[in-house]
Amino acid sequence: MDCSEAVYSNGYYDIIGSVTVPMPAIENLCQQKISNQYIIYYLNRDEVPPLSLGTYKYSNIPKCYTILDQSALEASGITRVQMQRNLQLFGEGILIGFLDTGIQYENDAFRNTDGSSRIVAIWDQSINTGPHPEGFIYGTEYTKADIDFALQQENPREFVPQRDEIGHGTMLAAIAAGSEDIQNDFIGAAPYADIAMVKLKPAKQYLRDFYYIKEDAIAYQENDIFTAIDYLNKLADRRGEPLVLCIGLGTNQGHRGSGGRLTTFLDDIASIHRRAVCVAVGDEANARHHYYGGVSENTSERVEINVTEDMGGFIVELWGHSSELFAVSLTSPTGEVLQRVAVWNGQQQKQHFLLENTRVIIDYQLGSERSREQLIHINFENPVRGLWVVEVFPYWISDGNFNMYLPISDFLQQDVYFVRSNPDMTLTVPSTARFPMAVGGYNAITNGVYLESGRGYTTDGNIKPDYVAPAINVMTKNNFGQPDRMTGTCASVAIAAGASALLMEWNIYDMDNRTVNSIELRNQMINGTLKLPNQLFPNREEGYGRLDIYQSILNMRNL
């Protein structure tokens with residue numbers, strides 16, 4: 001089979017590896033290198049063991065991510081930096097990169113006044129007719145020349161068939177970088193910025209089955225997100241442009257502090273000169289999918305999970321810090337018990353609960369090459385309605401604290417929640433990365449909070465979100481080219497990405513090419529945030545405050 005076909009075939013496992021840990025010798029092995037750190041291997045399922053944590057490491061199996069939702073610019077200080085005579089910042093010369101559901105490139109929100117496109121490239125991972133981008137083994141790349149040619153034709157999609165069937169990527173890009181539409185009183189945050197879009201290919205069915213993702217959920221694989229980020233970074237290098245990454249995706253898998261592979265890769269990108277990374281924190285604060293608990297040497301803790309309806313399955317992840325080691329037992333709604341066992345790395349328990357006809361697999365794994373946190377991975381297959389109790393026991397502890405996470409809401413087949421949930425530490429991954437800007441949301445219409453916005457801090461204590469931006473009824477353009485509204489932290493991160501492009505433009509072109517990366521831009525943003533009276537900052541809800549890029553620039557000028 002051609003390697004590009006293996007990328008799409010459900011008959012091949014996608015395995016994330018490291019360049020420092022070689023794979024065993026396999027004849028005709030297909031692989032995709034990412035940067036200088038990672039390699040994606042495509043393994044014929046007929047020739048390797050079945051996918052399970054008993055055989056593969058947690059970090060090798062791609063996690064699945066979903067899109068995070070369904071006057072803001074003035075509240076964020078963006079209108080003032082666009083219109084102020086001595087600033088007039090519009091994002092010119094900055095590339096904003098998106099990895100999402102695609103982009104409706106015919107939309108006037110992405111065109112210049114002469115009708116040409118402001119989109120410099122689209123990589124559609126879901127179309128494999130080619131040409132592939134240089135250095136990548138799958139998907140189809142459309143250049144600005146391809147897009148401009150298509151726009152001059154009666155039926156543009158005959159020449160560039162990429163489309164955004166869902167509309168999320170289009171709306172995100174319009175908020176961040178939409179062209180001005182005077183008639184409809186609309187303008188994006190950075191209306192002169194260049195635009196690049198990676199349309200992510202849908203997750204393979206075997207991974208959807210592995211994670212019990214409901215049938216109609218939007219799901220993308222971690223390895224395709226890796227390649228999208230690598231592509232956008234290399235595109236900016238080829239064009240010699242600064243890059244702002246706008247990421248409106250998230251998952252509840254992999255809450256290992258700040259040390260997972262994708263978050264580490266984003267940390268690396270955020271550290272590069274003339275790069276900025278903005279990530280939405282998600283909308284899981286009130287989903288009741290996080291539990292925070294603790295045990296002592298002589299006590300255990302009962303964690304109750306309410307399954308509201310019979311369902312195909314779900315997964316619970318328990319994370320302990322590197323100095324902690326826990327064991328668990330499980331009690332079914334009828335009182336049948338799966339006893340705890342002695343713990344070692346790679347330990348696995350299996351039990352079929354007869355009265356419930358439910359199968360449970362518990363895997364214990366102790367960290368990875370970058371992180372030593374303990375993971376207890378609990379797989380519920382065909383769980384019946386009722387109260388399931390996970391009892392957590394100390395095995396080797398210091399402070400005895402642990403965090404447990406249920407899947408992100410859009411992935412669950414039925415409602416499942418912790419009876420005694422905790423709304424803190426509900427940031428979705430990868431907004432838990434250390435150096436990118438984790439962007440939460442607030443209600444700019446009422447000047448109040450946005451209750452669903454993921455709350456900090458990270459499980460290893462880093463202060464996130466960094467700041468918040470408007471999240472309620474943010475003006476955008478939909479994939480039909482019509483004015484529309486968007487709510488959620490995806491809207492917030494799009495505003496932040498546009499604001500980052502303006503601040504990057506100011507640093508480079510107005511301040512004699514000042515050297516900045518995402519870390520320095522984040523600090524500049526934080527320096528100008530609006531802090532509500534009678535509140536302590538930073539805090540778990542709004543980080544260091546509310547985005548105000550105009551104030552950020554004023555404060556920088558006074559240094």
Side-chain angles (χ1 to χ4, degrees), residues 7 13-23 31-43 51-53 55-66 99 125 136 198 200-201 203-204 207 210-211 219-234 245 247 249-272 275 277 279-280 282 315 317 319-322 345-346 363 365-375 377 403 405 407-408 427-436 438 458-460 462 464 518:
V7 175
Y13 288 144
D14 299 19
I15 299 297
I16 302 175
S18 170
V19 295
T20 60
V21 183
M23 279 286 289
Q31 58 188 49
Q32 169 69 63
K33 190 174 181 181
I34 300 172
S35 186
N36 295 315
Q37 303 173 59
Y38 305 107
I39 301 177
I40 310 302
Y41 299 101
Y42 301 95
L43 307 182
L51 194 68
S52 77
L53 286 184
T55 305
Y56 300 88
K57 290 183 178 180
Y58 178 83
S59 59
N60 294 140
I61 302 173
K63 315 308 173 289
C64 284
Y65 292 71
T66 189
L99 43 149
Q125 294 182 346
F136 297 88
V198 178
L200 297 166
K201 74 176 184 63
K204 292 182 178 180
L207 268 183
F210 182 76
Y211 292 120
Y220 302 115
Q221 293 181 198
E222 184 178 15
N223 52 299
D224 291 322
I225 294 171
F226 264 110
T227 57
I229 295 167
D230 195 33
Y231 167 81
L232 292 168
N233 185 53
K234 289 174 178 175
L245 282 177
I247 302 176
L249 307 167
T251 185
N252 276 345
Q253 299 169 318
H255 270 278
R256 53 172 63 177
S258 306
R261 277 182 166 162
L262 182 56
T263 53
T264 300
F265 187 45
L266 287 173
D267 282 339
D268 294 340
I269 297 293
S271 303
I272 299 173
R275 296 291 184 268
V277 183
V279 188
I315 288 169
E317 293 185 358
W319 290 95
H321 298 302
S322 56
N345 192 25
D363 287 282
Q365 293 205 357
L366 304 181
S368 65
E369 67 270 15
R370 287 182 178 264
S371 171
R372 300 308 304 169
E373 287 92 346
Q374 182 196 17
L375 166 65
H377 187 274
N403 290 277
Y405 289 90
I408 197 167
L427 311 161
T428 53
V429 178
S431 68
T432 51
R434 290 178 298 167
F435 299 147
T458 66
T459 56
D460 57 355
N462 288 331
K464 299 286 178 177
S518 194

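Values below: every heavy atom of this structure, side chains too, minus hydrogens, waters and symmetry copies.
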Is there side-chain contact between Q32 and I39, with heavy atoms separated by less than 4.5 Å? no

Test item: D230 side-chain N/O and I34 main-chain N/O as donor-acceptor pair under 3.5 Å: no

I would like to know whether Y58 and E317 meet side chain to side chain donor-acceptor pair (under 3.5 Å); could you show each step before the answer? CA-CA 11 Å; Y58 178 83; E317 293 185 358; 2.6 Å; yes

For S52 and T55: C-alpha separation, side-chain torsions, deciding distance, then whether side-chain contact (heavy atoms from CB on, under 4.5 Å) applies. CA-CA 6 Å; S52 77; T55 305; 3.4 Å; yes

Tell me whether the guanidinium CZ or amine NZ of K204 lies under 6.0 angstrom from the six-membered ring centre of F210 and within 45° of its axis. no

Looking only at heavy atoms, what is the nearest atom pair of R434 and K464, with distance? O-NZ, 3.0 Å

Does the side chain of D14 come within less than 4.5 Å of I61's, by heavy atoms? no

Identify the heavy atoms of D460 and H321 that sit nearest to each other, and give their distance. CA-CE1, 4.4 Å

Apply side-chain contact (heavy atoms from CB on, under 4.5 Å) to residues K63 and Y211 and explain how you reach the verdict. CA-CA 9 Å; K63 315 308 173 289; Y211 292 120; 3.8 Å; yes

Which pair of heavy atoms, one from Q365 and one from L53, lies closest together, and at what distance? NE2-O, 3.0 Å

Step by step, work out the side-chain contact (heavy atoms from CB on, under 4.5 Å) result for L232 and V198. CA-CA 8 Å; L232 292 168; V198 178; 3.9 Å; yes

How about V429 and Y65: do any of their side-chain heavy atoms sit closer than 4.5 Å? yes

Going by the rule side-chain hydrogen bond (donor to acceptor under 3.5 Å, both in side chains), which residues pair with Y13 if we only count those two or more places apart in sequence or in a different chain? none

Does the side chain of T432 reach to within under 4.5 Å of the side chain of V279, using non-hydrogen atoms? no

Measure the shortest side-chain to side-chain distance between R261 and S18 over non-hydrogen atoms and say whether it is less than 4.5 angstrom. yes

Is it true that a side-chain atom of T264 and a backbone atom of G260 form a donor plus acceptor pair closer than 3.5 Å? yes

Within the structure provided, determine whether T459 and Y405 are in side-chain contact (heavy-atom separation under 4.5 Å). yes

Any sub-3.5 Å donor-acceptor pair from D224's side-chain atoms to L200's backbone N or O? no

Min side-chain heavy-atom separation V277-F435 under 4.5 Å: no

If you round to the nearest 0.5 Å, how far is CG of N60 from CG of L51? 10.0 Å

Checking N403 against H255 for the side-chain contact (heavy atoms from CB on, under 4.5 Å) test, could you report, in this order, the C-alpha distance in whole Å, the side-chain angles of both residues, the deciding distance, and whether it holds? CA-CA 8 Å; N403 290 277; H255 270 278; over 6 Å; no

What's the shortest heavy-atom distance between S431 and A438, and which atoms? O-CB, 3.4 Å

Under the ring-ring contact (aromatic ring centres under 6.0 Å, His included) test, residues paired with F265 that sit two or more places apart: F226

Interatomic distance, R275 atom CZ to L266 atom CG [nearest 0.5 angstrom]: 13.5 Å

Beyond-backbone contact of Y38 with T227, side-chain heavy atoms, under 4.5 angstrom: no

Kindly compute the distance separating NZ (K234) from CD1 (I229), expressed to the nearest 0.5 Å. 12.5 Å

Specify the closest pair of heavy atoms between A203 and C64, including all atoms of both residues, with the distance to one decimal. CB-SG, 4.1 Å

Inter-residue atom distance L375.CG - S59.OG, 0.5 Å rounding: 10.5 Å

Nearest 0.5 Å, please: how far is CD1 in I269 from CG in N233? 4.0 Å

Working to the nearest 0.5 angstrom, can you tell me the gap between I225 CD1 and Q125 CD? 9.0 Å

For a quick test of reading the model, state the closest non-hydrogen atom pair linking L249 to L99 and the distance between them. CD1-O, 3.7 Å

